[in-house]
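The figures here come from the full heavy-atom set of this structure, side chains too, leaving out hydrogens, waters and symmetry mates.
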Amino acid sequence: GFAYRVFLVRLLGAEGMGLIEMVSPLYSFLLVLGGFGIPLAISQKTAEQMHKGPANLLSIFKSGRFLLFFFGLGTMALAYLFLPALMHYFAPDQRIYLALRAILPAIPIISLASAYRGYFQGLRQISNLGLSQCMEQTVRVAAGLFLASRMLPLGLEQAVSATSYASVLGEIAGLLCLLLAFHINKRSFDQGGVISG
């Protein structure tokens, strides 16, 4: 993340980095709305139910996953609907419009991924979380630098929005890692056990 910012500063300049930082508070607020504290609940309930059998674990996880995806999708839809109002009242610079709009699809992706993160955290399978975060960062950095450099000739706003597209791609990569880890873990459920470690 540090190296990524160093290269972005060289590529986009202080003004471009300032625009990126303006997107962060609004985006973080929308992520909070999309989560509603459910990932923590999944983690706690998974840890509590870990020794009571796979049926309980999967039931808790599936309910939480559905709620998170529903809230994430709803938050994204409302954000798109009220984007002009958000920009008018909360955006200090209207040039972040493209970047904010581009990053909104990450909300349901992150909400869904947070269900898997909560699940693995409850099972104390931290390596799966670390692997997904490494993949997410790798894709985000590579895509961000590539897209920003390609879109910079189109203008600073376009280049800044490229970092948003890269964030979405990174979140997709992280989610795919979690899905793969869950699929491997689910095989143990079919055999009546839970993978630990």
Side-chain angles (χ1 to χ4, degrees), residues 1 4 19-46 57-87 89-91 96-123 125 128-144 147-148 158 160-186:
Y4 181 48
L19 292 175
I20 290 172
E21 291 302 320
M22 287 180 197
V23 175
S24 296
L26 277 172
Y27 176 58
S28 298
F29 173 69
L30 293 171
L31 283 178
V32 170
L33 290 180
F36 279 93
I38 296 171
L40 182 59
I42 292 174
S43 178
Q44 288 177 338
K45 290 294 182 184
T46 300
L57 289 177
L58 286 177
S59 175
I60 291 166
F61 169 72
K62 286 179 180 178
S63 299
R65 181 179 61 182
F66 172 78
L67 286 173
L68 279 166
F69 188 65
F70 176 78
F71 285 134
L73 215 54
T75 301
M76 181 190 73
L78 288 173
Y80 271 123
L81 187 62
F82 293 105
L83 192 55
L86 285 172
M87 291 296 300
Y89 291 108
F90 300 108
I96 68 169
Y97 176 81
L98 290 177
L100 185 59
R101 188 181 67 180
I103 206 167
L104 291 181
I107 296 171
I109 297 168
I110 292 173
S111 295
L112 187 58
S114 67
Y116 290 93
R117 290 189 181 107
Y119 169 79
F120 285 124
Q121 192 171 356
L123 292 179
Q125 295 184 5
N128 292 324
L129 303 180
L131 181 62
S132 72
Q133 287 176 345
C134 284
M135 182 60 70
E136 182 264 322
Q137 288 287 343
T138 302
V139 171
R140 183 170 69 92
V141 169
L147 292 173
Q158 295 286 347
V160 169
S161 71
T163 62
S164 294
Y165 291 122
S167 292
V168 174
L169 291 174
E171 294 300 340
I172 290 171
L175 176 60
L176 290 175
C177 275
L178 291 168
L179 287 171
L180 178 61
F182 179 76
H183 178 71
I184 293 169
N185 184 275
K186 195 169 181 297

Got a sec: does the CZ of F29 have more than 12 other heavy atoms crowding it under 6.0 Å? no
For the residue pair G72 and I107, what are the closest heavy atoms and their distance? O-CG2, 3.7 Å
Return yes when atom CE of M76 has more than 12 non-hydrogen atoms of other residues, nucleotides or ligands closer than 6.0 Å, and no otherwise. yes
Applying the side chain to side chain contact (heavy atoms under 4.5 Å, CB included) criterion to I103, which one of S164, S24, S161 satisfies it? S164
What's the spacing between L86 CG and L81 CG if we round to 0.5 Å? 10.0 Å
Which atoms form the tightest heavy-atom contact between G118 and I42, and what is the distance? C-CG2, 3.9 Å
Please say whether more than 12 non-hydrogen atoms of neighbouring residues, nucleotides or ligands are located less than 6.0 Å from CZ in F69. no
Rounded to the nearest 0.5 Å, the CG atom of L175 sits from the CD1 atom of I109 at a distance of 7.0 Å
Enter the distance from L19:CG to T163:OG1 here, rounded to the nearest 0.5 Å. 9.5 Å
Could you go through the side chain to side chain contact (heavy atoms under 4.5 Å, CB included) check for Y97 and L83 one step at a time? CA-CA 8 Å; Y97 176 81; L83 192 55; 3.4 Å; yes
Return the orientation label for the Y116 and F182 ring planes: parallel under 30°, perpendicular over 60°, tilted otherwise. perpendicular
Determine whether L176 and L180 make a side-chain contact, defined as any pair of heavy atoms from C-beta on separated by less than 4.5 Å. no
Under 3.5 Å: donor-acceptor pair, side chain of S114, backbone of S111: yes
Assess whether side chain to side chain contact (heavy atoms under 4.5 Å, CB included) is satisfied between Y119 and N128, documenting all intermediate values. CA-CA 10 Å; Y119 169 79; N128 292 324; over 6 Å; no
Could you tell me which non-hydrogen atom of A166 sits nearest to which non-hydrogen atom of R140, and how far apart they are? CB-O, 3.5 Å
Find the distance between CZ (F66) and CZ (F61) and round it off to the nearest 0.5 Å. 13.5 Å
Donor-acceptor contact below 3.5 Å, side chain S28 vs main chain P25: no
Mind checking what makes side chain to side chain donor-acceptor pair (under 3.5 Å) contact with R117, not counting sequence neighbours? none
Got a donor-acceptor contact below 3.5 angstrom from the S43 side chain to the P39 backbone? no
Can you tell me how far the CZ atom of F82 sits from the CZ atom of F90, to the nearest 0.5 Å? 12.0 Å
Is a donor on one side and an acceptor on the other found under 3.5 Å between the side chain of Y80 and the backbone of R101? yes
Flag side-chain contact, heavy atom, 4.5 Å: L123 against L57: yes
Roughly how far, to the nearest 0.5 Å, is CG of L178 from CG of N185? 11.5 Å
Would you name the heavy atoms of V168 and P105 that are closest together and state the gap between them? CG1-CB, 4.5 Å
Minimum-distance pair of heavy atoms, taken over all atoms of A143 and L169: CB-CD1, 4.0 Å
Beyond-backbone contact of V160 with I96, side-chain heavy atoms, under 4.5 angstrom: no
Begin with the C-alpha distance, continue with both residues' side-chain angles, and end with the deciding distance and a verdict on side chain to side chain contact (heavy atoms under 4.5 Å, CB included) for I172 and V139. CA-CA 9 Å; I172 290 171; V139 171; over 6 Å; no
E171: which residues meet the side chain to side chain donor-acceptor pair (under 3.5 Å) condition with it, sequence neighbours left out? none
Locate the shortest heavy-atom distance separating G144 from Y4; write the atom from each residue and the value. CA-OH, 3.4 Å
